[in-house]
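What follows is a single structure, written as structure tokens, with notes after it.
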Amino acid sequence: MRSKTALRVVLLAISAYAGLNSGAGAKAEDLLKARLAQNLGPISGLAIVAKAKDLFAKQGLDISVSNFTSGKQCLDTVVGGGADIATTAEAPVTAAAMAQQPIAFVAGMEYSDLKTMTAASAAIKTKADLRGKRIGFTAGTGSEVYTTVLLKAAGLTAKDVTLVNLRPQEMLPALAAGSIDAFDTWEPHVANAKKALGEAAVLLDTKGLYSETFNIVVMRSYLEANPAVVGKFLAALIEAEGWVKAHPDEAIDIIATATGMKRDELALIWSDYVYHVRIDDKLLETLKTHAAWRLDTGNHPPGAGMPDFSKIVATAPLKTLDAARVTLSANP
């Protein structure tokens, strides 16, 4: 394995923007190819826009996209060799780190609150009312950690409720069928339930309780072998961030079309998504909090300890592009 110093030297050889823009006008056969495993939801908005507006191609990349319904599936695909780059939340990252998978966390690109949708018939008006209820969640994702945080805030434990492991797309049918009383997940699944069930679905007030991040992760070996691809990929996301902020209405159109959402439904929750390419203390603290949660709950491989995040968070690619986007107060 090449040293971090050698990797940094290679990355610094990449010009922040001038060199990375050399893909403009390049022939298709000259583009660098990479495979993206993407959670097809607004949380992947910057990657969706970068693809739709040809910002990857502008950077000299040919990005093929495989869509999934969770970041865990995306990262599992990358770890298994089925893709090169994953969009994923922090929970799969800490799971992979504790399993000794040699991953590289190269940037965060979005964060947003997770939410709890309840069945009106369950009469859940406060967090404490969750006692004795059946709650849908997605194991191994931010949904699981959010559920733990939610129960703690309610003065409850997992023994006080019935937890039902479901994929996000299974939660609405389960709530409609009455097999669960509530579910914990990310948008747009909450908005979809409200639209489909109307007054039969009630959003529980958990605002500000827990924010999930969405990030870019590759294998360490891939980063070392393809620093230019990773740099160009992040540069495209940075350009997409600026474009989304300057053209929110068109961004909503693009992301709604890509994800199969109705435009007006996405517009209603658009402010929930905070798009920003960065590596900061909040991201690092989230990773450490997740790892501590896994250690506390036993949700980790036998013998696992707190990961050494200096071997997981790779700041050089983003710092080479824009040092101001890397604001860690200390080494990971």
Side-chain angles (χ1 to χ4, degrees), residues 39 43 69-73 75-76 88-99 111-187 189-190 192-193 197 201-214 285-307:
N39 184 325
I43 47 181
T69 58
S70 76
K72 182 180 185 299
Q73 293 171 314
L75 187 53
D76 285 348
T88 189
E90 61 274 358
V93 172
T94 59
M98 286 184 159
Y111 64 90
S112 53
D113 283 350
L114 269 73
K115 300 176 182 179
T116 299
M117 179 59 75
T118 76
S121 59
I124 301 171
K125 297 182 179 180
T126 69
K127 293 185 285 290
D129 293 334
L130 290 169
R131 183 183 296 274
K133 303 301 184 182
R134 299 159 298 173
I135 304 173
F137 78 108
T138 306
T141 73
S143 167
E144 183 172 5
V145 183
Y146 166 70
T147 299
T148 299
V149 172
L150 172 63
L151 293 177
K152 184 176 181 179
L156 304 173
T157 70
K159 295 180 180 179
D160 296 315
V161 300
T162 299
L163 295 177
V164 182
N165 183 18
L166 298 169
R167 293 181 298 170
Q169 65 269 32
E170 296 171 334
M171 293 178 174
L172 170 55
L175 191 68
S179 57
I180 58 174
D181 302 303
F183 63 75
D184 299 338
T185 194
W186 49 84
E187 294 288 9
H189 302 288
V190 173
N192 290 344
L197 303 179
V202 178
L203 184 66
L204 185 65
D205 183 9
T206 61
K207 187 173 179 58
L209 186 63
Y210 180 86
S211 291
E212 182 179 61
T213 65
F214 223 64
E285 187 59 33
T286 297
L287 290 172
K288 291 180 176 179
T289 298
H290 262 266
W293 167 79
R294 290 190 180 282
L295 292 173
D296 289 344
T297 60
N299 190 350
H300 59 78
M306 177 64 71

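Both backbone and side-chain heavy atoms feed into the values below; hydrogens, waters and symmetry mates do not.
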### Task
Nearest 0.5 Å please: distance from the CG atom of L163 over to the NZ atom of K133.
14.5 Å
#### Entry: Side-chain touch L287/V93, heavy atoms, less than 4.5 angstrom
yes
### Query
Can you tell me if E90 and T213 form a side-chain donor-acceptor pair at under 3.5 Å?
yes
### Query
Heavy-atom distance under 4.5 Å between the side chains of L295 and M98, does that happen here?
yes
### Query
Can a donor-acceptor pair be found between the side chains of S143 and D184 at a distance below 3.5 Å?
no
#### Entry: Y210 atom OH, over 12 foreign heavy atoms within 6.0 Å
yes
### Task
Decide, yes or no, whether a salt bridge links R167 with E170 under the criterion of side-chain N to carboxylate O below 4.0 Å.
yes
### Task
Supply the atom-to-atom distance E212 CD to W186 CH2, rounded to the nearest 0.5 angstrom.
6.0 Å
### Message
My understanding is that only residues two or more places apart in sequence, or in another chain, count here; which of them pass side chain to side chain contact (heavy atoms under 4.5 Å, CB included) with L197?
### Response
L172, L175, A176, A200, A201
#### Entry: Donor-acceptor contact below 3.5 Å, side chain R294 vs main chain A91
yes
### Query
Regarding E144 and T148, is there a side-chain donor-to-acceptor distance under 3.5 Å anywhere?
no
### Query
Would a 4.5 Å heavy-atom cut-off, applied to side chains only, mark V164 and F183 as touching?
no
### Message
Are more than 12 heavy atoms, taken from residues, nucleotides or ligands other than D160, located less than 6.0 Å from that residue's CG atom?
### Response
yes
### Message
If you define the side chain from C-beta out and look only at heavy atoms, does anything of I124 sit under 4.5 Å from L204?
### Response
yes
### Euclidean distance, K115 NZ relative to D205 CG, rounded to 0.5 Å
11.0 Å
#### Entry: CE on M117 to CE on M171, rounded to 0.5 Å
12.0 Å
### Message
Under a 3.5 Å distance rule, please check whether T118 uses its side chain to pair with a backbone N or O of V202 as donor and acceptor.
### Response
yes
### Task
Would you give the length of the straight line joining atom OG1 of T116 to atom CG of L150, rounded to the nearest 0.5 angstrom?
4.5 Å
### Under-4.0 Å salt bridge between K72 and D76
yes
### Query
Got L114 and T185 here, is their nearest side-chain heavy-atom distance under 4.5 Å?
no
### Task
Give a yes or no on whether the backbone of H290 and the side-chain of T94 come within a donor-acceptor separation of less than 3.5 Å.
no
### Query
Is it true that a side-chain atom of T162 and a backbone atom of R134 form a donor plus acceptor pair closer than 3.5 Å?
no
### Message
Using side-chain heavy atoms (C-beta onward) and a distance below 4.5 Å, is I135 in contact with D181?
### Response
no
### Message
Just by distance, no angles: are the side chains of T206 and Y146 close enough, under 3.5 Å, to form a donor-acceptor pair?
### Response
yes
